[in-house]
Amino acid sequence: MQYCNAIGPYKGGLRFAPNVCEDEFLFLALEQCLKNALTGLPLGGGKGGARFRTSDHSRHEVLRFCQAFMDEYVRHGGADVDVPAGDIGVGSREIGWLYGRWAKLTGRHVGMLTGKPEELGGIPGRVEATGYGTVRFAMRMLERLDRQIDGLRVTVSGAGNVALYAAERAILEGARVLSLSNSKGTARFGDGGLTREQLDEIKEATAEGTRLEAFAQDRSWLEFAEGTTPWSIECDVALPCATQNELDEPDARLLAAGGTVVVAEGANMPSTAAAVAAMKESGVVLGPGKAANAGGVAVSGFEMIQNATRDPWTRKEVLERLDEVMDEIHERCVQHSGNGKRPDYVRGANVASFYRLGRAIVATGPN
Ligand code: NAP
């Protein structure tokens, strides 16, 4: 779905999942377009993918599927045209295979696709970027409310890329991470929260394909509650980092009743419209995904710069610049939301991104 290239090449993730459809890509592409505009980088908006569950297939089948996908995509992509990245079901392994096919078909080594393995021109820090950026955004939201994340209770949903690195950054900032989850249920940790060592164990196990519920079976430090979500756990900060529509109105009410002050969306549109309204009504401050999870695409933008200049960035440079971009996004949202003590980040993010796109479209003149 190539949505808008007013400010740069189409840019968004490829999603391989069994039930994706055109409507889903349409809303994701619009969201991506607005999100990319918010970063301040020259990135247009797009999204795409296929009905394919990577985990149902052998390594060889996934490789062949990626190659077949690129055989078609090659006509639509290009470093200045359309630069996809990974998303659900598409990690750096798949991106490497897609890129390999692209390079073979075109005979070129350019910045087509981001989230590449570093050996192929990928940038250090991309894997952490979305989760780390989401927590940085939540920290700025908390500061606006005269709070610090250090010592606060944080619930995280999901156990994938965004969730694991949001949990990691939250721990690094001194927060207590009380949960992770997946489509089968929720892993709860004790009141002291998940430790860095325990998180590393989870990261290692899930990277090898072990599911959270199986991992929990022989560990006493976490309890896996099947069929539940993290939203009934009392927390100060909630980070929905799994998937769209995972947080509905009753969940939002539970969060408010439990004293949650800030929700920052690591996933794309995880809160339903009813949940967004309930949070607004009950005073829970919401950082929408298009702002809070923009760190991933921002670092993809850095990867495009790195590939175009052929001048490698260090992880330190990437993470420092990531925090600056997240702070700038936060500032843009505040400015466009009326600048109050409790900014309406949903409004601020929409207005700021529409404003940037609108100015670019007007500047090109009538066609
Ligand atoms: P991922 O690595 O594939 O992880 C997704 C996680 O969500 C898995 O743990 C999955 O559990 C869980 N999940 C899926 N459906 C669920 C449901 N109905 N209820 C509870 N958990 C569920 O994907 P990701 O890259 O972390 O992306 C997560 C979200 O962030 C998506 O909305 C994505 O569009 C968004 N996002 C990602 C990036 C990025 O850089 N990766 C950037 C911006 C936004 P199962 O294994 O049980 O399915």
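Atoms within a ligand are numbered from 1 in the order they appear, just like the ligands themselves. Model, not experiment: these values are computed from the prediction.
Between R126 and ligand 1, at least one pair of N/O atoms sits closer than 3.5 Å. Some N or O of S183 is nearer than 3.5 Å to an N or O of ligand 1, by distance alone. For K35, no nitrogen or oxygen atom sits less than 3.5 Å from a nitrogen or oxygen atom of ligand 1, counting backbone and side chain alike. Among the atoms of E246, none of the N or O lies under 3.5 angstrom from an N or O of ligand 1. Residue N293 places no N or O, backbone or side chain, under 3.5 Å from any N or O of ligand 1.
Judged by the 6.0 Å distance and 45° axis criteria, K116 is positioned over the aromatic ring of Y99.
Of all the atoms in ligand 1, the ones that sit under 4.0 Å from a non-hydrogen atom of A159 are 9 (O). If you number the atoms of ligand 1 from 1 as listed, the ones under 4.0 Å from a heavy atom of R15 come out as 31 (C), 32 (O), 33 (C), 34 (O). Under a 4.0 Å criterion applied to the non-hydrogen atoms of T130, ligand 1 contributes the atoms 38 (C), 39 (C), 40 (O), 42 (C), 43 (C). Within ligand 1, counting atoms from 1 as listed, the ones closer than 4.0 Å to a heavy atom of D87 are 33 (C), 34 (O).
Summary of contacts: the protein heavy atom closest to atom 15 (N) of ligand 1 is T243 CG2, 3.5 Å. Counting protein heavy atoms only, atom 28 (C) of ligand 1 is closest to A242 O, 3.1 Å. Of all protein heavy atoms, the one closest to atom 11 (O) of ligand 1 is N182 CB, 3.3 Å. With hydrogens left out, the protein atom closest to atom 24 (P) of ligand 1 is V162 CG2, 3.9 Å, a heavy atom.
In this structure, the side chains of V262 and D236 stay at 4.5 Å or more apart for every pair of heavy atoms.
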